[in-house]
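This report refers to the structure that appears directly beneath it.
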Amino acid sequence: MTTRASIGQFVAPAQNQGGRKTTRRLAGADFISTVVLHGRRNIRDARMMAQSQREGSAGEFFEPGREGESRQRLFNTISPVYDDLNDRFSFGLHRVWKRMAVKWCQAKRGDTVLDSCCGSGDLAQILREVVGRDGRVVGLDFSQDMLQDAQRRDSSNGVIEWVQGDALDLPYPPGYFDAATMGYGLRNVSDIPRALRELHRVLRDGGRVAILDFNNSDDQIVDGLQEFFLESLVVPAAEAEGVEEEYRYLRPSIKKYPKGAALERMARDSGFSFARYYEIGFGLMGCLVCCK
């Protein structure tokens with residue numbers, strides 16, 4: 001069951017969407033230009049054409065068999081501007097959402113915890129605050145450039161270990177970690193069920209994982225706002241930093257990402273005894289919380 005959670009209140013009742021199908025709304029320029037070029041087509045065909053044109057520039061990131069390689073290159077490319085753009089795009093709220101994820105994973109002092117797909121290390125740093133000097137944090141990512149950024153920012157005096165590795169083949173034995181997080185990583189792996197199975201495998205019995213990412217919303221208003229924000233604000237800002245193509249990948253990757261109920265089913269199928277998906281950040285983000 002998908003649940004809504006606000007910034008100030010970690011759990012709130014979900015609004016019933018009544019099973020409505022989501023109608024995607026295109027950015028105005030994309031839609032109008034497509035209608036002009038294909039005036040004899042109906043509006044539905046025009047919308048599909050505009051979507052296809054927009055996704056075309058990000059097509060390499062979805063090419064079967066090459067997703068891992070292309071997405072590794074993507075994150076190596078954006079690593080120099082990743083943190084700055086995150087702060088600008090979310091108005092700093094990504095730090096609040098990450099603290100919510102850490103709270104949901106229920107890590108505590110002295111624990112050994114994993115931040116899979118750690119990126120530049122924000123979640124790992126928050127986990128370090130929670131587990132203290134007696135604990136241990138592993139920050140794992142397949143992007144060497146991202147890990148180098150994380151290491152440069154690390155002031156944990158050895159509490160955090162930075163590891164280059166694959167979220168689909170975690171280099172740890174079963175039951176090794178007390179808790180885990182993943183921030184904006186599950187959407188980018190080439191095999192979501194396998195990534196969930198790996199997280200389940202390395203957690204001890206009773207351990208929890210909190211997986212934060214963009215929400216593929218059923219709400220037409222939220223979906224439209226998300227599309228407008230990404231296409232009209234994020235991509236132009238990324239273009240100014242020379243990473244337009246990499247950030248144009250965001251919208252199609254979100255639309256291909258499973259919705260909350262599907263993620264809950266995948267988690268249970270992967271062996272988790274409990275799975276609950278929370279919508280946060282006004283429905284723009286979501287967090288999947290699972291217990292082994």
Side-chain angles (χ1 to χ4, degrees), residues 3-12 71 74-75 77-105 107 113-130 137 139-141 143 145-147 149-150 152-155 160 167 179-189 209-217 222-223 225-238 240-241 243 246-251 253-254 257 260 263 277-289:
T3 304
R4 288 237 175 129
S6 67
I7 293 173
Q9 182 180 14
F10 277 72
V11 180
R71 293 173 195 181
L74 181 154
F75 285 101
T77 300
I78 66 175
S79 62
V81 298
Y82 183 74
D83 291 316
D84 179 57
L85 290 180
N86 277 352
D87 279 328
R88 288 162 57 187
F89 294 159
S90 71
F91 307 102
L93 288 174
H94 72 99
R95 301 184 187 280
V96 177
W97 303 328
K98 288 169 182 174
R99 289 193 176 275
M100 292 173 75
V102 169
K103 183 178 179 69
W104 269 318
C105 83
V113 297
L114 170 68
D115 180 25
S116 185
C117 302
C118 67
S120 58
D122 280 355
L123 275 166
Q125 295 286 357
I126 300 170
L127 286 167
R128 186 258 304 177
E129 296 173 9
V130 173
V137 179
L140 179 142
D141 202 279
S143 168
D145 289 357
M146 281 289 192
L147 286 172
D149 286 344
R152 281 194 292 268
R153 301 168 61 213
D154 183 11
S155 59
I160 304 177
T181 58
M182 180 184 280
Y184 303 97
L186 192 63
R187 174 175 45 84
N188 293 306
V189 301
V209 59
I211 302 170
L212 174 68
D213 217 309
F214 283 93
N215 179 37
N216 185 3
S217 180
V222 171
D223 185 65
L225 286 173
Q226 184 184 77
E227 181 176 39
F228 173 81
F229 178 73
L230 291 174
E231 295 297 326
S232 302
L233 302 177
V234 172
V235 171
E241 300 289 347
V243 289
E246 287 75 16
Y247 275 83
R248 197 172 288 280
Y249 155 80
L250 270 175
R251 178 62 178 174
S253 75
I254 294 167
Y257 189 50
L263 287 169
Y277 186 83
Y278 299 97
E279 292 185 354
I280 61 177
F282 313 105
L284 297 172
M285 304 293 155
C287 191
L288 176 67
V289 180

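- Rounding to the nearest 0.5 Å places CG of L127 at 5.5 Å from SG of C105.
- Between G283 and S217, the shortest heavy-atom contact is O-CB, 4.2 Å.
- If you take OG1 on T181 and CD1 on I211, they are separated by 9.5 Å, rounding to the nearest 0.5 Å.
- Atoms SG and NZ, on C287 and K103 in that order, are 13.0 Å from each other to the nearest 0.5 Å.
- Residues F229 and V234 meet the side-chain proximity criterion, which asks for heavy atoms closer than 4.5 Å.
- Contact check for Y184 versus L123: no side-chain heavy atoms found under the 4.5 Å cut-off.
- Remark: the backbone N or O of G139 is not paired with any side-chain donor or acceptor of D115 at under 3.5 angstrom.
- With R153 contributing its side chain and S120 its backbone, the two residues share a donor-acceptor pair below 3.5 Å.
- Scanning both residues, C117 and V189, for their nearest heavy atoms gives SG-CG1, 4.5 Å.
- Rounding to the nearest 0.5 Å places OH of Y257 at 13.0 Å from CG of L250.
- In this structure, CG in D223 is found 7.0 Å from CG in N216, a value given to the nearest 0.5 Å.
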Q125 and D154: CA distance, side-chain angles, deciding distance, side chain to side chain contact (heavy atoms under 4.5 Å, CB included) verdict | CA-CA 8 Å; Q125 295 286 357; D154 183 11; 3.7 Å; yes
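- Using the six-membered ring where Trp is involved, W104 and Y278 have ring planes that are parallel, under 30° apart on the 30 and 60° scheme.
- Remark: side-chain polar atoms of Q226 are paired, donor with acceptor, to backbone N or O of N215 under 3.5 angstrom.
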Go through the steps for V130 and V113 under the test side chain to side chain contact (heavy atoms under 4.5 Å, CB included), then give the verdict.
-> CA-CA 10 Å; V130 173; V113 297; over 6 Å; no
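- The residues R99 and D122 are annotated as not salt-bridged, no charged nitrogen and carboxylate oxygen being separated by less than 4.0 angstrom.
- Between W97 atom CH2 and L212 atom CG the span is 8.0 Å, to the nearest 0.5 Å.
- What you find for M146 and D141 is that their closest heavy atoms are CB-OD1, 4.4 Å.
- Partners of S116 according to the side-chain hydrogen bond (donor to acceptor under 3.5 Å, both in side chains) rule, which considers only residues two or more places apart in sequence or in another chain, do not exist here.
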